[in-house]
Amino acid sequence: MHRCLSKPITPAFRHTQIRTFLARRGPPKEVTPDEAVKAIKSGDRVFVHGVAATPLTLLQALEKRAPELKDVEFCHLHLEKANPCADAKYADSFFTNNFFIGANQRKLVAQGLSSYVPTFLHEVPLLMRRGLVRPDVALLNVSPPDKHGFVSLGVEVATSLPAVETAKTLIAQINPNVPRTHGDSFVHINCLDYICHVDEKLPETGRLSSPTEVEARIGKIIAGLVTDGSTLQMGIGAIPNAVLAGLKSHKDLGIHTEMFQEGVIPLIQSGVVTNLRKNFLPGKILTSFIMGTQNLYNFVDDNPSVHFADASIANNPTIIASNPKVTAINSAVEVDLTGQVCADSVGHKMISGVGGQVDFERGAALSPGGLPIICLPSIAKDGSSRIVPTLKGGGGVSTTRPHVHYIVTEWGYAFLFGKNLHQRAKSLIEIAHPNHRAQLEKEAFEYLGIKAWRD
């Protein structure tokens, strides 16, 4: 059982792309799922189409082969449907290297049965294209072909496009439930090696619900910082939805994001989001993946106003920064009094990954009039402060002090850019929960030598 990447590392300067989505090798073999996964051998690295595009039928077929396979390595973003092969009982057969840790992988990572590859999301395609993490096989979940023979990579192009470009063998389940998304999502069916036909529903997540009082207050504060003509990046969850709810009277907003959810649809339909002020792909929403409800999947189906790109484009800080007033909204687990942000772990326990947080925080910082925002409730579920004197032991720094500009809690926002350590501590204590402010001032002085009350 491997504890690391199974393949030898190729020197970073060597480009090892061996084929592209334009390389057509003839009609694919039309087979059953069980027959398709016979192409996977022991020791192979297998890319799995991620997030809501999880090809569950193919993974279930591969699970049947567990007794005969050894050291097969999966690599992927988080999967909304759990991989049945990722189980302790198959430890000798399968191992997973996550580019982002989903909830169904946390226990396995904690047990050492899976691992995490710390990488900015915009550089994950580079890992494949440079041969550092090049897959042998890619398992895909794609739309039926159009009249020209092109299937769509559907709801996740972020990492699937570079996998299609670089994998030796492409295995796809043709699924009528996968929306035909536009942008850099099309692959000709003759580029695929094996196909099987399935009828598999996409997972539905992120249904809109009323935010809590704390979430609503954070959303209102952030919405108040957004100005007309801004370009938005937001993730999934109650706080982004609360922000979107506060933007109904804004004008000419644009969207350049890693992903989006259903909350943006009313803003598009009402004309709040026009994308006209954007410099990169004006008039279009840019995203790399989506996850949400069937309503969202219906919205992106055959919709040329939504452009899907891989993460090297969607998350590239330079491209992001080319847009005006980029407002990047990302979350944190905790923030220390100097502005260090932990977003991927609770102490030593890994819970997610850096994802696109730094990509967009940096892109927003470089954007004219940009707002790089990190938000979090001031207290955790157990009542402890999430503004802390020092990060928990083992906690990683996802976003560094120099990268941080705005920290928002339900008590207000702290602007840290250009501030010294004393000023940062004072500003952060002012947006901590009132019950913890006195203790934080004491700890700032006693443990960090910072006089938080001094300008």
Side-chain angles (χ1 to χ4, degrees), residues 101 106 109-110 116 118 212-222 224-225 237 239 328-355 357-358 361-362 364-365 371-455:
I101 302 169
R106 290 172 186 164
V109 171
Y116 166 57
T212 65
E213 180 186 355
V214 167
E215 292 163 345
R217 286 166 62 183
I218 293 173
K220 183 177 181 180
I221 292 167
I222 295 174
L225 294 172
I239 292 176
I329 305 166
N330 290 281
S331 61
V333 174
E334 58 183 10
V335 178
D336 78 11
L337 289 179
T338 68
Q340 294 187 118
V341 175
C342 177
D344 60 4
S345 62
V346 178
H348 291 278
K349 183 180 179 181
M350 296 298 303
I351 59 171
S352 56
V354 67
Q357 179 170 121
V358 177
E361 292 297 304
R362 191 61 189 151
L371 297 174
I373 295 170
I374 299 290
C375 61
L376 71 168
S378 64
I379 56 174
K381 291 181 180 178
D382 64 1
S384 61
S385 180
R386 293 174 66 171
I387 305 292
V388 294
T390 58
L391 301 180
K392 288 185 177 66
V397 178
S398 306
T399 301
T400 67
R401 299 180 186 101
H403 282 109
V404 172
H405 286 216
Y406 289 86
I407 303 291
V408 178
T409 74
E410 71 273 24
W411 298 101
Y413 68 87
F415 181 66
L416 304 186
F417 186 55
K419 301 293 180 65
N420 67 31
L421 298 182
H422 292 189
Q423 293 166 328
R424 285 172 171 239
K426 179 179 179 181
S427 295
L428 288 166
I429 290 171
E430 287 175 351
I431 64 167
H433 194 282
N435 292 347
H436 292 284
R437 291 175 189 172
Q439 182 63 24
L440 285 170
E441 285 194 358
K442 179 181 178 183
E443 290 169 328
F445 176 73
E446 292 182 359
Y447 301 137
L448 301 177
I450 298 173
K451 296 180 180 178
W453 54 88
R454 180 182 296 173
D455 290 328

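Every heavy atom of this structure was used, including side-chain atoms; hydrogens, water molecules and symmetry mates were not.
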ask   = So, do Asp344 and Ser352 sit near enough that their side-chain heavy atoms are less than 4.5 Å apart?
value = yes

ask   = How long is the gap from NZ on Lys426 to CD on Glu430, to the nearest 0.5 Å?
value = 5.5 Å

key: Spatial distance of atom CZ (Phe445) from atom CG (Leu440) [nearest 0.5 Å]   = 15.5 Å

remark   = ring-ring contact (aromatic ring centres under 6.0 Å, His included) pairs touching residues 381-405, sequence neighbours excluded, are His405-Phe417

task = With the side chain counted from C-beta on, respond yes when Ser331 and Ile239 share a heavy-atom pair under 4.5 Å apart, and no when they do not.
result = no

Sub-4.5 Å side-chain heavy-atom contact between Lys442 and Gln439 = yes

message = Would you say that more than 12 heavy atoms from the other residues, nucleotides or ligands in this model lie under 6.0 Å from the CD of Glu213, or not?
response = no

ask   = What is the distance from atom CD1 of Ile221 to atom OH of Tyr413, rounded to the nearest 0.5 Å?
value = 9.5 Å

Residue list, side chain to side chain contact (heavy atoms under 4.5 Å, CB included) with Lys392, at least two apart or on another chain = Glu334, Val346

CD1-OG1 distance between Ile218 and Thr212, expressed to the nearest 0.5 angstrom = 7.5 Å

Point-to-point distance, once rounded to the nearest 0.5 Å, from OG1 of Thr338 to CG of Leu416 = 9.0 Å

task = Check whether any side-chain heavy atom of Ile387 lies under 4.5 Å from a side-chain heavy atom of Ile429, and answer yes or no.
result = no

task = Can you spot which of Val333, Asp336, Asn330, Val404 makes a side-chain contact (heavy atoms from CB on, under 4.5 Å) with Val341?
result = Val404

query = Looking at side-chain heavy atoms only, is the closest gap between His433 and Ser385 below 4.5 Å?
reply = no

Spacing of CD1 belonging to Ile329 relative to CD1 belonging to Ile373, to within rounding of 0.5 Å = 5.5 Å

